Student: 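Below is a structure I'd like to ask you about.
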Protein chains: 2
Amino acid sequence: MLTGSESAELVVLSLLSEGASYGYQLTKDAAARSEGHLRLTPGVLYPLLRQLENEGLITSSWDAVRAEDADDAGEGRKRKWYRLSPKGKRRLGQRVEAYESLRRVIDAFVGVRPREEGTR
Amino acid sequence: MLTGSESAELVVLSLLSEGASYGYQLTKDAAARSEGHLRLTPGVLYPLLRQLENEGLITSSWDAVRAEDADDAGEGRKRKWYRLSPKGKRRLGQRVEAYESLRRVIDAFVGVRPREEGTR
DNA sequence: GCCAATATATCGGTCGGCGATATATCCGTC
DNA sequence: GACGGATATATCGCCGACCGATATATTGGC
């Protein structure tokens with residue numbers, strides 16, 4: 001399981017890098033991709049989306065429900081579409097690097113398998 | 001940089017799986033192995049050691065300073081040696097598995113590189 | 001007409017990470 | 001013999017963030 005909002009940011013930016021999406025879809029995508037291990041609950045997701053928008057990493061607009069009409073702000077039902085900004089794209093790159101760096105650090109420890117009993 | 005105490009537990013158990021050690025040494029080892037990225041500060045380390053001992057994952061004893069005499073509780077200067085218990089060894093295994101699982105989950109996202117502009 | 005699924009959003013209590021701080025010993029050196 | 005930096009262990013409690021709980025409206029299937 002994984003709910004920390006640090007990884008949540010990485011995941012949301014990553015999903016949006018593949019194209020525009022919206023809140024509910026993001027929770028579903030996250031769960032599907034991680035085979036249920038990643039639960040992007042409303043309490044985590046929406047505050048995060050707001051924060052990302054405030055930082056200028058994503059943009060939002062209320063547009064048509066159908067994906068192919070996502071830019072059409074005409075009549076009918078709407079939902080809130082989010083898109084990755086250029087700044088967000090850069091941030092995603094940084095986050096990926098940070099993750100890979102962390103990965104190497106932890107691997108430096110878990111890569112080493114136990115030796116023997118007793119004292120060093 | 002990485003200070004979360006979740007990873008701290010993994011790291012401490014991992015270091016102790018290589019042999020007995022003590023607080024100050026653990027901070028130094030952690031920094032060295034991670035090339036300075038992992039700062040196991042006193043405020044993180046000692047509460048963690050206490051907790052790990054309470055859970056029966058490690059044991060401690062005040063013994064001689066010299067590593068080769070670490071079991072000798074005779075005269076002279078002492079320091080507090082920590083050792084991984086069998087239970088701790090099992091926990092380490094679980095934590096490594098959990099880490100590798102998390103790793104796979106995140107990789108499922110960062111492995112996917114950006115496609116093109118616009119809508120899904 | 002009803003229920004489950006879809007869709008977005010806020011709030012605040014709870015929990016814990018970790019900076020700041022305290023204390024004591026050891027050793028080199030001036 | 002005293003000063004300072006490194007060694008070594010330990011506690012405390014502030015601050016802030018995480019996210020469970022909750023609210024609300026719409027849609028679609030039966």
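Bear in mind the structure is a predicted one, so any value in this text is a computation, not a measurement. Order of the sequence lines sets the chain letters (A, B, ...), proteins ahead of strands, with each chain counted from 1.
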Student: Between C:dA9, D:dC19, C:dA20, spot the one nearest the side chain of A:Val44, thanks.
Tutor: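 The answer is D:dC19.
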
Student: Separation of A:Leu49 atom CG from C:dT10 atom C1', in whole Å?
Tutor: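 Taking atom C1' of C:dT10 as the reference, CG of A:Leu49 is at 14 Å.
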
Student: A:Lys78 side chain N/O closer than 4.0 Å to the phosphate oxygens (OP1, OP2) of D:dT26?
Tutor: no

Student: Could you state the OH-P distance from A:Tyr82 to C:dA7, rounded to the nearest angstrom?
Tutor: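 Rounded to whole Å, this separation is 14 Å.
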
Student: What salt bridge (Lys or Arg N to Asp or Glu O under 4.0 Å) pairs are there with at least one residue in residues 48-59 of chain A, not counting sequence neighbours?
Tutor: A:Glu55-A:Arg91

Student: Quick one: which of D:dG20, C:dC18, C:dT8 gets closest to the side chain of A:Thr41?
Tutor: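 Nearest listed nucleotide: D:dG20.
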
Student: Whole-Å distance between C:dT10 P and A:Leu45 CG?
Tutor: 12 Å

Student: Distance check needed: D:dA10 C1' versus B:Glu53 CD, whole Å only.
Tutor: 13 Å

Student: What's the CZ-P distance between B:Arg77 and C:dT25, to the nearest Å?
Tutor: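 It works out to 10 Å between those atoms.
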
Student: Using whole Å, what does the distance between atom C1' of nucleotide C:dT25 and atom CH2 of B:Trp62 come to?
Tutor: 11 Å

Student: Does C:dT6 have OP1 or OP2 sitting under 4.0 Å from an N or O in the side chain of A:Tyr24?
Tutor: yes

Student: Between CH2 of A:Trp81 and OG of A:Ser60, what distance do you get to the nearest 0.5 Å?
Tutor: 13.0 Å

Student: If every non-hydrogen atom of B:Ala30 is compared with every non-hydrogen atom of B:Val11, which pair is closest and at what distance?
Tutor: CB-CG1, 4.3 Å

Student: Figure out the CD/C1' separation between B:Glu9 and C:dG17, and round it to whole Å.
Tutor: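 The distance from CD of B:Glu9 to C1' of C:dG17 comes to 14 Å, rounded to the nearest Å.
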
Student: Are OP1 or OP2 of C:dT10 and a side-chain N or O of A:Arg50 less than 4.0 angstrom apart?
Tutor: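 Looking at the OP1 and OP2 atoms of C:dT10, one of them is under 4.0 Å from a side-chain N or O of A:Arg50.
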
Student: Between B:Lys28 and B:Pro47, who's closer to the 5' end of DNA chain D by nearest nucleotide?
Tutor: B:Lys28

Student: Under a 3.5 Å distance rule, please check whether B:Ser85 uses its side chain to pair with a backbone N or O of B:Gly56 as donor and acceptor.
Tutor: yes

Student: What is the distance from CD of A:Gln25 to P of C:dA7, rounded to the nearest Å?
Tutor: 8 Å

Student: Below 4.0 angstrom from OP1 or OP2 of C:dA7, is there any side-chain N or O of A:Tyr22?
Tutor: yes

Student: Taking C-beta and beyond as the side chain, do A:Val12 and A:Ile58 meet within less than 4.5 Å on heavy atoms?
Tutor: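 Counting from C-beta outward, A:Val12 and A:Ile58 never come under 4.5 Å.
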
